[in-house]
Protein chains: 2
Amino acid sequence: MGVLERKEREKKQRRNAILDAAEKIFFQQGLFNTSMDSIAKEAEFSKGTLYLYFKNKEELYRAVLLRGFILLEQKLKEALHDDASAYQNIINISTAYYKFSQDEDGYFNAILSYQDDEFDIDNLEVESGKSLKAGNRVIQILIDNIEKGRQDGSIDSNINPLESAFVLWSQFTGFLQMLKKKREIIDHYFSVSQENLLETYFLLVEKALRPR
Amino acid sequence: MGVLERKEREKKQRRNAILDAAEKIFFQQGLFNTSMDSIAKEAEFSKGTLYLYFKNKEELYRAVLLRGFILLEQKLKEALHDDASAYQNIINISTAYYKFSQDEDGYFNAILSYQDDEFDIDNLEVESGKSLKAGNRVIQILIDNIEKGRQDGSIDSNINPLESAFVLWSQFTGFLQMLKKKREIIDHYFSVSQENLLETYFLLVEKALRPR
DNA sequence: ATTTTAAAATGACCATTGGCCATTTTTAAT
DNA sequence: ATTAAAAATGGCCAATGGTCATTTTAAAAT
């Protein structure tokens, strides 16, 4: 009931309100077409206030990314089934990630932007550090499941869980990026549908992961 | 010998000089930290002149990308060996693309930026259109080789060349992006080396592509 | 040579925007 | 009612992409 606790709580609420506004505008207009002024207007604060809660535009976007990673982590975990094989669960979480990329456009774009970010490990900003760790947790889900698959025999035992988790994550993200950004062009120039691309991806992954 | 031809030639030279300058600054400072003024200074023209040769900064960067795609296409073609199996040639061009991503940092970043670009097919700018087509030619190399592999038996005949070419291109680009941008972090948080990641990628691709 | 015309280049100027900070407003403590 | 601290403000600055009226340069015409 202390006044300090209340102030702390209100501060978090204000921070969250700014994040809500930022997310809304970022998702509508994209990172580069979004001005801090328009976020401020949406949040009903002055621009200066934003900088009391976030160091800069970059960090604000990273805070949105963090939400995205947390949501993704949740969706992937929901996709897991205890009674399914580890291999099947890899397919399950891949499918969940595919759906995420289609349904959560704004968050997925934030992840793509993150994938292209090269940051200084010794000099991480607050939100960048948090989102990095959240991203690592997502990868950890993959690692754990590949490890399980080696044990339950549903995944080729020659495959190293750690390395292949990073390979799967990065290559699937790259694939989903193409699906998202180049679908129209591929359809137009090569008459290839999104469904066939997805099917082919999963076909190749099955062959790659399954025991020979 | 006409004066018109000479002027045309000189125009191309000036355009190329601007491109050289732009490339130099873009590669040193990155797309967003490069100002048109600094390019103009490097090219020894005024800023206004740049806009006589390129519609805007975006198009200028796309023109650099075009150079990158042309160089990549050349390197991939050089990596092909007539006496090798089609599968082996896929590995050869993949390795060449990997080297390209490591050696030609600036061009590879331009390609990554391109991968994230969503453009209106009905309203393509000049340089964007050219680079798009150059990118398609790179993919075509993959398509042709997978097709060959189905015929010479070095690649699983269940695999559709068109679809799997796009899958391979996008997933490998995504993988190389991770290698480029996250190598330090992966090493730091998971103690996984670039070499092991690359090895694992090729292991998975071999299993995926080879006949069962 | 001189004048006219066209092509090329210039750089001052504008609007937008990320970020800053001196000042004001609000809230809590005394 | 007064003081102190916290929060918010909005005017300001510097950087920058892009434009355009003017100037400069080169070619063509006389």
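Treat the numbers as computed from the prediction; the structure is a model and nothing was measured. Residue numbers begin at 1 in each chain, while the letters A, B, ... track the order of the sequences.
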Any pair with a residue in residues 95-114 of chain A that passes salt bridge (Lys or Arg N to Asp or Glu O under 4.0 Å), sequence neighbours left out, goes on the list, sorted by first then second residue, please.
D105(A)-K180(A)
The criterion is salt bridge (charged side-chain N to carboxylate O under 4.0 Å, His left out); which residues satisfy it with K57(A), sequence neighbours excluded?
none
For nucleotides 14-16 of chain C, tabulate all protein N/O to nucleotide N/O atom pairs closer than 3.5 Å, reporting atom names and distance.
none

Using atom CD of E58(A) as one end and atom C1' of dT17(C) as the other, report the distance to the nearest whole Å.
16 Å
Under a 4.0 Å heavy-atom cut-off, which of residues 9-30 of chain B touch DNA chain D?
none
Rounding to an integer number of Å, can you tell me how far K55(B) NZ sits from dG18(D) P?
10 Å
Taken in chain and number order and not counting sequence neighbours, the residues that satisfy side chain to side chain donor-acceptor pair (under 3.5 Å) with E118(B) are none
Measure from CD on E8(A) to P on dA6(D) and round the result to the nearest Å.
12 Å
Once ring pair (Phe, Tyr, Trp, His ring centres under 6.0 Å) is applied, do any residues pair with Y87(B), and if so which ones, sequence neighbours excluded?
none
Between Y114(B) and F119(B), what is the ring plane arrangement, given parallel below 30°, perpendicular above 60°, and tilted in between?
tilted
Give one of base, sugar-phosphate or nothing for Y53(A), where a contact means two heavy atoms less than 4.0 Å apart.
sugar-phosphate
Applying salt bridge (charged side-chain N to carboxylate O under 4.0 Å, His left out), name anything that partners K24(B), two or more places apart in sequence or on another chain.
E42(B)
Across all chains, not counting sequence neighbours, the salt bridge (charged side-chain N to carboxylate O under 4.0 Å, His left out) partners of D187(B) are none
Considering residues at least two apart in sequence or located in another chain, which fulfil the side chain to side chain donor-acceptor pair (under 3.5 Å) criterion with Q102(A)?
Q194(A)
Taking atom C1' of dA8(D) as reference, at what distance in whole Å does atom NZ of K41(A) sit?
19 Å
Can you name the residues that form a side chain to side chain donor-acceptor pair (under 3.5 Å) with N145(A), not counting sequence neighbours?
none
Counting primed atoms, P, OP1 and OP2 as sugar-phosphate and everything else as base, the B/S/- map of nucleotides 9-16 of chain D against protein heavy atoms under 4.0 Å is BB------
Kindly compute the distance separating OG (S113(A)) from CZ (F26(A)), expressed to the nearest 0.5 Å.
10.0 Å
Please collect all salt bridge (Lys or Arg N to Asp or Glu O under 4.0 Å) contacts where either partner lies in residues 124-142 of chain A, sequence neighbours excluded, each pair once.
R15(A)-E127(A), K55(A)-E125(A), E73(A)-R137(A), E127(A)-K130(A)
